[in-house]
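Scroll down for the structure; my scribbles are underneath it.
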Amino acid sequence: MTPMQALRGTRDILPDETPLWQWVEATARELLYRAAYREIRPPLLEQTGLFERGIGEATDVVGKEMYTFEDRGGRSITLRPEITAGLARAVNEHSLMSQGSVLRLWHVGPAFRYERPQAGRQRQFHQLDVELVGSADPRADVEVIAIATTLLQTLGLKSLTMDLNSVGNGDDRQRYRDALVDFLTPHKADLDSDSQSRLDTNPLRILDSKNERTQAIVQTAPNLLDYLAADSQRHFDRVQQGLTDLGIAYQLNPRLVRGLDYYTHTAFEIQSADLGAQATVCGGGRYDGLMAQLGGPSTPAIGWAIGLERLTLLLKQLNVEPSTAMDVYVVSRGEAAEGKALNIAQTLRQVGLAVEMDLSGSAFGKQFKRADRSRAVLCVIVGEAEAEQGIMQLKWLGSGEQVALSQASLGAAAAELKHKIAAVRQAS
RNA sequence: GCGAGCGUAGCCAAGGGGUUAAGGCAGCGGAUUGUGAUUCCGCCAUUCGGGGGUUCGAAUCCCCUCGUUCGCCCCA
């Protein structure tokens, strides 16, 4: 019988890796709390129409990458391919927005796209998603982008670059789209085949093509930024000014066009040179039309998503390893002693210490080796002699110093032990 | 969905038709039946991702399949 395997494009995040993920999530949670963002937890399943209407039927994500199936009631269901649409739906459904107010939300969780797996690209992947709903102010764009850069910086990521663009409002985009089609149509025969078909379906995406001949043609195409209306331009100017004032570096990339239809005005991507072809760690932008598109009141919004697989890949390259060391390792031998050891571990855990018990019953020498490997600061020893005398040995693994303590006084001494362990750890 | 490379133990691997599949790390047991290092000894793949074929003989050659990596594509 062949052993069961995880599905293609999915993977187990193993105990050796979860400390890194937990550290990323804890850092993000703290940062978002300080910026007044609140967590929301929408379902992973939504009706298919949400994504068709929200993301756009002409996009690759909706057109060929969704996990869509019919449930037992005959409804078309889709595992979310991204998070923003579900959040927008929830905001509408529960009327979370009251007029004139602002809603700051975040969420972390899996999303699903049926794609060919690659380093930094899986079929089930995880995103941290941040959204600011209800403000069209350019300061909102700056706030949201600053949260992304601060988070990445706090985690220790230095050599990242940010591309910034404005795709304008719906009218700007339409006028530019027309101009671009007019420009490209005479060159149609020289474009790569993907770009040829996009000329009808999604011409702006041609700007993004990596095909050399296509790029050469696109070099001389009209510039999107020349087609922004006065207020679109003004909005974009103020976003740039705000970023500059905060010392956030970026480069303008008039060919940055993101693959989801809902984006308007500001669009940005944060990339790393250390990820190969899947270089984008964080991507986002403004989506002023989405809420209305989904049947709610017209509401401006901006947000982004960070890909956690890509982020943790970068952190692993930096050898970031959150500590998983135990405070205390309990060694015991003999029936009476092993019973006592359980009590001792409980007592120490109650004051907040991390305590691992050796369950092997093997020779003390072996147990000490494991104590060492657990990177515990303190080893508690209960053998037959100690059990009989009602005591335990406390051995400080750094210095080797060992003292006896009566079991009866452990409760009273536990808090002091905790302080001493913290002090020893600090010193090392 | 297209193209190319790679799958030998928990990890890193040698072996490229001749039958007991090197070695290292990790793990377990012992030397040391109550104290962490080092050292030494022993154990740890009835089988080379899976299935089929060629052959007297297959980890090695062929086909299929699964997984993975790198591009394309797409995006986080």
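As the structure is a prediction and not an experimental result, all values here were calculated from the model.
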Under 4.0 Å, counting only non-hydrogen atoms across every strand here, what does [X] touch: a base, just sugar-phosphate, or nothing?
{"X": "A:Gly120", "result": "base"}
{"X": "A:Glu384", "result": "base"}
{"X": "A:Leu308", "result": "nothing"}
{"X": "A:Gly383", "result": "base"}
{"X": "A:Gly63", "result": "nothing"}
{"X": "A:Arg205", "result": "sugar-phosphate"}
{"X": "A:Arg333", "result": "sugar-phosphate"}

What interatomic distance, in whole Å, is found between [atom1] of [M] and the corresponding atom of [N]?
{"N": "B:A45", "M": "B:A14", "atom1": "C1'", "result": "15 Å"}
{"N": "B:G49", "M": "B:C41", "atom1": "C1'", "result": "35 Å"}
{"N": "B:U60", "M": "B:G53", "atom1": "P", "result": "14 Å"}
{"N": "B:C63", "M": "B:A26", "atom1": "C1'", "result": "38 Å"}
{"N": "B:A13", "M": "B:G23", "atom1": "C1'", "result": "8 Å"}
{"N": "B:G50", "M": "B:C66", "atom1": "C1'", "result": "7 Å"}
{"N": "B:C44", "M": "B:A9", "atom1": "C1'", "result": "9 Å"}
{"N": "B:U46", "M": "B:U20", "atom1": "C1'", "result": "11 Å"}

The residue, A:Ile270 or A:Pro117, whose nearest nucleotide of RNA chain B is more 5′ is A:Pro117
By nearest-heavy-atom nucleotide on RNA chain B, the more 5' of A:Gly398 and A:Ala279 is A:Gly398
Item to complete: Answer yes or no for A:Lys395 and A:Phe368: cation-pi contact, defined as NZ/CZ to six-membered ring centre under 6.0 Å and angle to ring axis within 45°.
Response: yes
Paired to B:G18 by Watson-Crick or G-U wobble criteria (both distances under 3.5 Å) is B:C56
Applying the 3.5 Å cut-off to both distances, the Watson-Crick or G-U partner of B:U68 turns out to be B:G5
- Task: Measure the acute angle between the ring planes of A:His126 and A:Trp21, then classify it against the limits of 30° and 60° as parallel, tilted or perpendicular.
- Result: perpendicular
Between [X] ([atom1]) and [N] ([atom2]), how many Å, whole number?
{"X": "A:Leu152", "N": "B:A76", "atom1": "CG", "atom2": "P", "result": "14 Å"}
{"X": "A:Glu386", "N": "B:G34", "atom1": "CD", "atom2": "P", "result": "11 Å"}
{"X": "A:Glu309", "N": "B:U69", "atom1": "CD", "atom2": "P", "result": "12 Å"}
{"X": "A:Gln122", "N": "B:U68", "atom1": "CD", "atom2": "C1'", "result": "12 Å"}
{"X": "A:Gln118", "N": "B:C72", "atom1": "CD", "atom2": "P", "result": "7 Å"}
{"X": "A:Arg80", "N": "B:A76", "atom1": "CZ", "atom2": "P", "result": "14 Å"}
{"X": "A:Arg370", "N": "B:G34", "atom1": "CZ", "atom2": "C1'", "result": "15 Å"}
{"X": "A:Leu160", "N": "B:A76", "atom1": "CG", "atom2": "P", "result": "16 Å"}

Against the side chain of A:Lys366, the closest entry in B:C28, B:G29, B:C75 is B:G29
Please confirm whether any donor atom in the side chain of [X] sits under 3.5 Å from an acceptor in the base of [N], or the reverse.
{"X": "A:Arg121", "N": "B:C70", "result": "no"}
{"X": "A:Lys64", "N": "B:G1", "result": "no"}
{"X": "A:Arg116", "N": "B:C70", "result": "no"}
{"X": "A:Gln402", "N": "B:U35", "result": "yes"}

Go through A:Leu184 and A:Ile217 one step at a time and tell me if the side-chain contact (heavy atoms from CB on, under 4.5 Å) criterion holds. CA-CA 8 Å; A:Leu184 287 174; A:Ile217 294 166; 3.8 Å; yes
For A:Val330 and A:Ala341 the tightest heavy-atom approach is CG1-CB, 3.7 Å
Smallest heavy-atom separation, A:Ser362 atom then A:Arg370 atom, equals OG-NH1, 3.4 Å
One pair to check against salt bridge (Lys or Arg N to Asp or Glu O under 4.0 Å): A:Arg139 and A:Glu143. What are the steps and the verdict? CA-CA 6 Å; A:Arg139 287 176 302 164; A:Glu143 171 179 313; over 6 Å; no
Below the 4.0 Å mark, does B:G27 have OP1 or OP2 next to a side-chain nitrogen or oxygen of A:Arg373? yes
